[in-house]
Structures are given as C-alpha cells and as structure tokens.
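Down below is the structure, laid out as structure tokens.
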Amino acid sequence: MELRGYPLKVYSNRSLHIPRNLCRVYGFHEDMLLIRREIPGGYFFRPFDQSCLRLGEKAAALHREFLHLPAQWLIQNHLIPGKSDLYLTATDQGFYLMIFPEFSVG
C-alpha cells in the first residue's frame, strides 16, 4: 500500500511542530515521552506505554507539540534545518515521519 505524507517544516533548531489535532487523536499531552524507532527513510513514533523499549527504539520527548530530531540523523539524510521538510503519515498505532512524500507499508 502506498501512503502519502503531510509536509512538516524542519525548523532551524532541528524541531518539528506536530499538529494539535494529531496530538488529540493520540492523547498526547503537553510534555510526554514517545517511543521513536528509526526505519529506512524516517522514523515511526508511538505513544510511550511504560513497557520496556524494544531493540532499536528510543524515548523521544514531545514538548508543547514539538519534537526534536537528532542532528546526525538530519546530516545523514541530507536534510537542512530551516529549509527541509519531513512527511507525516498517521496510522492507528502511531505516526511516521519520512524524508520522502510517499512510501510503501506492507
């Protein structure tokens, strides 16, 4: 299945603003932790559920609807803070932030 993401600007401080409506859908509150898993071409985020992190997962802070991205990851993916976009696609389990507007899930 091909999915198309909604573009989000990577701000100059390496952060992204997560839309308020998406935060409401997932029950995110002002300051909370999410689970971040790197996948080819992006990240998958899901709510932190107090369970142990799986291999390849890290905790990521959501602070007032903003997520900060690792500088090294941006460099590796040729993204420029203040100029590049990432593409957000929401699912039932969480959301994807991808470097390309379209990707396959399978």
Side-chain angles (χ1 to χ4, degrees):
M1 170 194 321
E2 287 283 321
L3 297 175
R4 183 155 185 86
Y6 177 81
L8 296 177
K9 179 65 71 188
V10 178
Y11 293 109
S12 59
N13 66 352
R14 300 184 341 261
S15 69
L16 290 166
H17 180 257
I18 303 302
R20 182 168 291 162
N21 287 340
L22 184 69
C23 290
R24 284 189 196 129
V25 166
Y26 290 115
F28 297 162
H29 49 83
E30 189 164 312
D31 291 305
M32 70 176 297
L33 289 177
L34 303 179
I35 294 174
R36 179 183 78 205
R37 179 171 40 99
E38 188 170 350
I39 58 175
Y43 285 114
F44 179 71
F45 290 88
R46 63 184 172 87
F48 190 81
D49 58 8
Q50 302 300 327
S51 64
C52 295
L53 295 175
R54 296 181 208 139
L55 184 64
E57 293 182 336
K58 294 185 178 182
L62 177 69
H63 181 66
R64 296 187 177 159
E65 300 172 4
F66 284 91
L67 279 173
H68 289 275
L69 301 168
Q72 191 61 35
W73 184 82
L74 291 170
I75 292 167
Q76 288 171 348
N77 288 286
H78 310 289
L79 299 170
I80 301 167
K83 295 186 179 184
S84 297
D85 291 326
L86 285 177
Y87 299 91
L88 182 144
T89 301
T91 69
D92 289 343
Q93 294 82 29
F95 62 92
Y96 292 90
L97 287 174
M98 304 297 291
I99 60 175
F100 301 110
E102 294 180 358
F103 70 103
S104 296
V105 197

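The first residue in the sequence is number 1, and the count goes up from there.
Taking hydrophobic clusters as Ile, Leu, Val, Met, Phe, Trp and Tyr residues chained together by side-chain heavy-atom distances below 4.5 Å, Phe44 does not share a cluster with Val25.
In this structure, Arg46 and Glu57 have side chains that are in contact, with non-hydrogen atoms separated by less than 4.5 Å. Counting heavy atoms from C-beta outward, Leu22 and Glu65 have side chains that stay 4.5 Å or more apart. Between Leu97 and Leu67, some side-chain heavy-atom pair lies under the 4.5 Å cut-off. Inter-residue side-chain proximity for Val10 and Asp85 is flagged as unmet; no heavy-atom pair is nearer than 4.5 Å. Side-chain contact between Leu34 and Phe95 is present, with at least one heavy-atom pair separated by less than 4.5 Å. Looking only at side-chain heavy atoms (C-beta outward), Asn77 and Ser84 stay at 4.5 Å or farther from each other.
Across all non-hydrogen atoms, the minimal contact from Pro70 to Tyr43 is CG-OH, 3.5 Å. The two residues Met32 and Gly27 make their nearest non-hydrogen contact at SD-O, 4.3 Å. Heavy-atom minimum distance, Phe28 versus Pro47: CE2-CG, 3.8 Å. For Tyr26 against Ala90, the heavy-atom pair with the smallest separation is OH-CB, 3.6 Å.
With side-chain heavy atoms closer than 4.5 Å counting as contact, directly or through intermediates, the hydrophobic cluster containing Leu33 also holds Ile35, Phe48, Leu53. Listed by chain and number, the hydrophobic cluster partners of Phe66 are Tyr11, where partners are ILVMFWY side chains within reach of under 4.5 Å, directly or through others.
With rounding to the nearest 0.5 Å, the separation of NE2 in His63 from CG in Asp31 is 5.0 Å. A distance of 11.5 Å separates OG in Ser12 from NZ in Lys83, rounded to the nearest 0.5 Å. Between atom CZ of residue Arg14 and atom CG of residue Leu79 there is a gap of 12.5 Å, rounded to the nearest 0.5 Å.
Within 6.0 Å of the NZ atom in Lys9, the count of heavy atoms belonging to other residues, nucleotides or ligands exceeds 12.
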Inset, instruction - Please report the C-alpha distance between Ile99 and Trp73 in whole Å, then the side-chain angles of each, then the deciding distance to 0.1 Å, and finally whether the side chain to side chain contact (heavy atoms under 4.5 Å, CB included) criterion is met. - result: CA-CA 11 Å; Ile99 60 175; Trp73 184 82; 3.9 Å; yes
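When each of Leu86, Thr89, Ile39 is tested with Met98 by the rule side-chain contact (heavy atoms from CB on, under 4.5 Å), just one qualifies, namely Ile39.
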